[in-house]
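Below is one structure; the comments refer to it alone.
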There are 2 protein chains.
Amino acid sequence: MNTIEPSDRIGVAVDVVIFTVDDGHLQVLLSRREHEPFEDRWALPGGFVRPDESADQAAERELTAKAGLVGVFLEQLYTFSDPARDPRNRVVSVAYYALVSRDRLGAQAGLRESRWFRVDHGAGEVQVPELGLAKPCLAFDHDRILEAAVHRIQGKLEYVPIGFQLLPQRFTLTEIQQVYEAVLGHPIDKRNFRSKLLKSGQVREVDAYRTGAHRPARLYEFTRRTF
Amino acid sequence: MNTIEPSDRIGVAVDVVIFTVDDGHLQVLLSRREHEPFEDRWALPGGFVRPDESADQAAERELTAKAGLVGVFLEQLYTFSDPARDPRNRVVSVAYYALVSRDRLGAQAGLRESRWFRVDHGAGEVQVPELGLAKPCLAFDHDRILEAAVHRIQGKLEYVPIGFQLLPQRFTLTEIQQVYEAVLGHPIDKRNFRSKLLKSGQVREVDAYRTGAHRPARLYEFTRRTF
DNA sequence: TCGTCTTAGTGTATATACAACACTAAGCAA
DNA sequence: TTGCTTAGTGTTGTATATACACTAAGACGA
C-alpha cells in the first residue's frame, strides 16, 4: 500500500451525459460505437483521462471533441467502478453531465455518428425512444449512468437555478416553463410558476419581445449570468 | 482510444470521511501517515482499489480495516483527480463518507495511529481543532475532501433522514436534536424540531425511557430501520 | 375589417409549513 | 423539602404552496 504496483493501476475514463431540451422534450446526445466492445451500439460520449489532465479537463475535452461545445455547464455526477462494467479491461468511469441550450448546438452536433435522443422518464425508469423505436440498450453501464444523470438534474432543478443553462440568454417565461416540464416530466401551473420565478429574483425582464405567430411574449434573462 | 495503453492507467484509491457525533460535536476519524509522502501528517483513512473490487467494496474494506466497522452507512461523495494531488504518482481518489453512531465504536477505533477530531464549521470553512490545537493541515487534498463531505451531510440532513445513522437504535429526542445541531453547526428550537420530526413519521416512540440524573426521557426509534 | 384562433399575461382564496416564544413536569441530590 | 437540571408541551403570526379562469394581443384568413 505504500507504493503503487502496476497491478494497482486501472484505466480511468470519463463519460459525459449531454442534455438539451428541444421540442418540449429532454434530449441526450449519444454516439454510435465504432469499435469493440459494444461495436455499433449507442453510448455516451467519453474517453480516457490523460496522464496530465484532471477528470474535469478530460470531460471538457470530450465535450469539445464530440459535440463541439465550449464553456457549457458541466458537473461531476458519480463514479462507476464495477470491475465488470467493461468486459475487456478494468475501467473506472467518472461520469459527468452537461446542460446545453439548443442555440449553442450548431452543425457540430452531427460530428461522427452521433445524434440526439429523447429521454422519456415516466415515473422512475428512463427510456430513450428513437422516434418511436423501442428503447435502445446502451453500451456498458450507460443506461445506469443516464438514469443517475436524469435523477440528479430533476432533484437539482428544484432548488438550484440550472434551468437557464438549457436556454438561450434571452427567453420567454413559457420557454423556461417548458424546460422545467421537460426535465421534471410533469405539467406545471403557469401562474404559480411565473409568480414564484419572478419573486425569486433569478430572472430580470428585458425591453424586448419574442414576436411570432401570436401575441408577442416578453423576454427575460438570467440575473446572475454564468460568465 | 480503442485499447488501453499502459500510460492510460492511473492509480485509483478511495478515501473515507468517517463521521460520528460525540460530546455534542461532529467528529471525524483521521489516521497518522506512516510513510512518505506526508509522513506523520494526519490524513483520511484510505487505500488503493484492488483489481477485482469496486470502489464501493474498497471503501467498505477500508472502513473495516481502519476502524473495525461493518455495515455502516456509506455513500460516494466525489472523485478528486487533480494530476498534482499526490506529489509522487498520479492517483485519482474516489471519496466516500460514512456515518457511525458512538455505540458502534468500540476499542477498534484505536487501531493504529488514528483518533477522532472535532470538526468545527463556523460558516463556510472547516476546521479540525485537536483539543484547542491549531487546525492541522491534512495530507494531500484531504482538507478539501473533508470540507466537501461536511457540506454534503449538511445539505442532505435537511431533506433525507440520515441523522439516525449517527445514533444508536433507540434515542431520545434531545439526542437527535443534538445530532442535528452538531452537524448543522447552529442551535435549533426544541419545540419546532420535535413537532416537525414527529409529524414526519420518521420516528416511532418506544415504551422505554432513558433514565439518568434527571427527569427520564422517552426513547424513540427510526421507523424505516436500515437493516 | 371583422372574426377567429392561439398564445401571453394576470390575482385571489385556501391550506400548509415555518418561526418565535415560556412555562410545567419529573427525577435526583443535598 | 428545596433546589437543580433536563423533559415535555401549544399557540399565534407569517410566509409559502396550491388550485383555479378569464382578458389581452397579435396573426391570419374569409
Side-chain angles (χ1 to χ4, degrees), chain A residues 21-25 102 154-161 163 167-168 170-222, chain B residues 21-25 102 154-161 163 167-168 170-222:
Chain A
V21 170
D22 198 3
D23 193 26
H25 289 275
R102 279 172 327 210
Q154 286 181 338
K156 203 151 178 163
L157 189 65
E158 312 244 32
Y159 62 102
V160 190
L167 288 168
R170 295 173 154 198
F171 48 85
T172 69
L173 294 183
T174 298
E175 285 166 352
I176 189 169
Q177 178 171 350
Q178 285 168 346
V179 164
Y180 274 69
E181 291 176 332
V183 172
L184 297 176
H186 61 76
I188 303 174
D189 179 86
K190 180 162 65 158
R191 280 174 291 188
N192 293 338
F193 178 82
R194 289 156 102 99
S195 69
K196 184 178 166 187
L197 183 67
L198 293 174
K199 229 188 308 172
S200 76
Q202 290 171 28
V203 104
R204 162 178 59 214
E205 71 176 31
V206 293
D207 256 338
Y209 292 84
R210 169 133 318 150
T211 170
H214 303 288
R215 174 173 176 176
R218 162 147 251 142
L219 290 173
Y220 291 79
E221 62 184 17
F222 184 30
Chain B
V21 171
D22 198 3
D23 193 26
H25 289 274
R102 279 173 326 211
Q154 286 181 339
K156 204 151 176 163
L157 189 64
E158 314 245 31
Y159 63 102
V160 188
L167 289 168
R170 293 173 157 198
F171 47 85
T172 69
L173 295 183
T174 297
E175 285 166 353
I176 189 168
Q177 178 171 348
Q178 285 168 347
V179 164
Y180 274 69
E181 291 176 333
V183 172
L184 298 176
H186 62 77
I188 303 172
D189 180 87
K190 181 161 67 159
R191 281 174 290 189
N192 292 338
F193 178 82
R194 289 156 102 99
S195 69
K196 184 177 168 189
L197 183 67
L198 293 174
K199 228 189 307 171
S200 77
Q202 289 171 28
V203 104
R204 164 178 58 214
E205 72 176 30
V206 185
D207 256 337
Y209 292 84
R210 168 133 320 148
T211 169
H214 302 288
R215 175 174 174 175
R218 163 148 251 141
L219 290 172
Y220 290 80
E221 63 184 18
F222 184 32

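Values below: all heavy atoms of this structure, side chains included; hydrogens, waters and symmetry mates excluded. All chains are named by letter (A, B, ...) in the order of the sequence lines, taking the proteins before the strands, and each is independently numbered beginning at 1.
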Rounding to a whole Å, what distance do you find between [X]:[atom1] and [N]:[atom2]?
X        : N      : atom1 : atom2 : result
A/Asn192 : C/dT10 : CG    : P     : 14 Å
B/Leu198 : D/dG10 : CG    : P     : 11 Å
A/Lys199 : D/dT18 : NZ    : P     : 12 Å
A/Tyr159 : D/dT16 : OH    : C1'   : 19 Å
B/Glu158 : C/dA17 : CD    : C1'   : 15 Å
A/Lys196 : C/dG11 : NZ    : C1'   : 18 Å
A/Asp189 : C/dG11 : CG    : P     : 15 Å
B/Leu173 : D/dG8  : CG    : C1'   : 9 Å

Are the side chain of [X] and the backbone N or O of [Y] linked by a donor-acceptor pair below 3.5 Å?
X        : Y        : result
B/Gln177 : B/Ile188 : yes
A/Gln154 : A/Val183 : yes
B/Arg210 : B/Phe171 : no

Check: To the nearest 0.5 Å, how far apart are CD1 in A/Ile176 and OH in A/Tyr220?
Finding: 11.0 Å

Next item on the list: For B/Leu219 and for A/Ser195, locate the closest nucleotide of DNA chain D by heavy-atom distance; then report the residue assigned to the nucleotide nearer the 5' terminus.
Entry: B/Leu219

Margin query: I'd like to check A/Gln202 versus A/Leu197 (side-chain heavy atoms, cut-off strictly below 4.5 Å). Are they in contact?
Written below: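 When only atoms from C-beta onward are counted, A/Leu197 and A/Gln202 do touch, with a gap below 4.5 Å.
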
Item checked: Nearest non-hydrogen partners of B/Thr211 and B/Pro216, listed with the distance ->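 Heavy-atom minimum between the residues: CA-CB, 4.5 Å.
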
Could you list, one pair per line, each protein nitrogen or oxygen that sits under 3.5 Å from a nitrogen or oxygen of nucleotides 5-7 of chain D, together with the distance?
residue: D/dA7; atom: OP1; partner: B/Thr174; partner atom: OG1; Å: 3.3
residue: D/dA7; atom: OP2; partner: B/Thr174; partner atom: OG1; Å: 3.1
residue: D/dA7; atom: N3; partner: B/Arg215; partner atom: NH1; Å: 3.1

Notebook entry, point to check: Which one, D/dT9, D/dT18, C/dT10, comes nearest to the side chain of B/Arg191?
Noted result: D/dT9

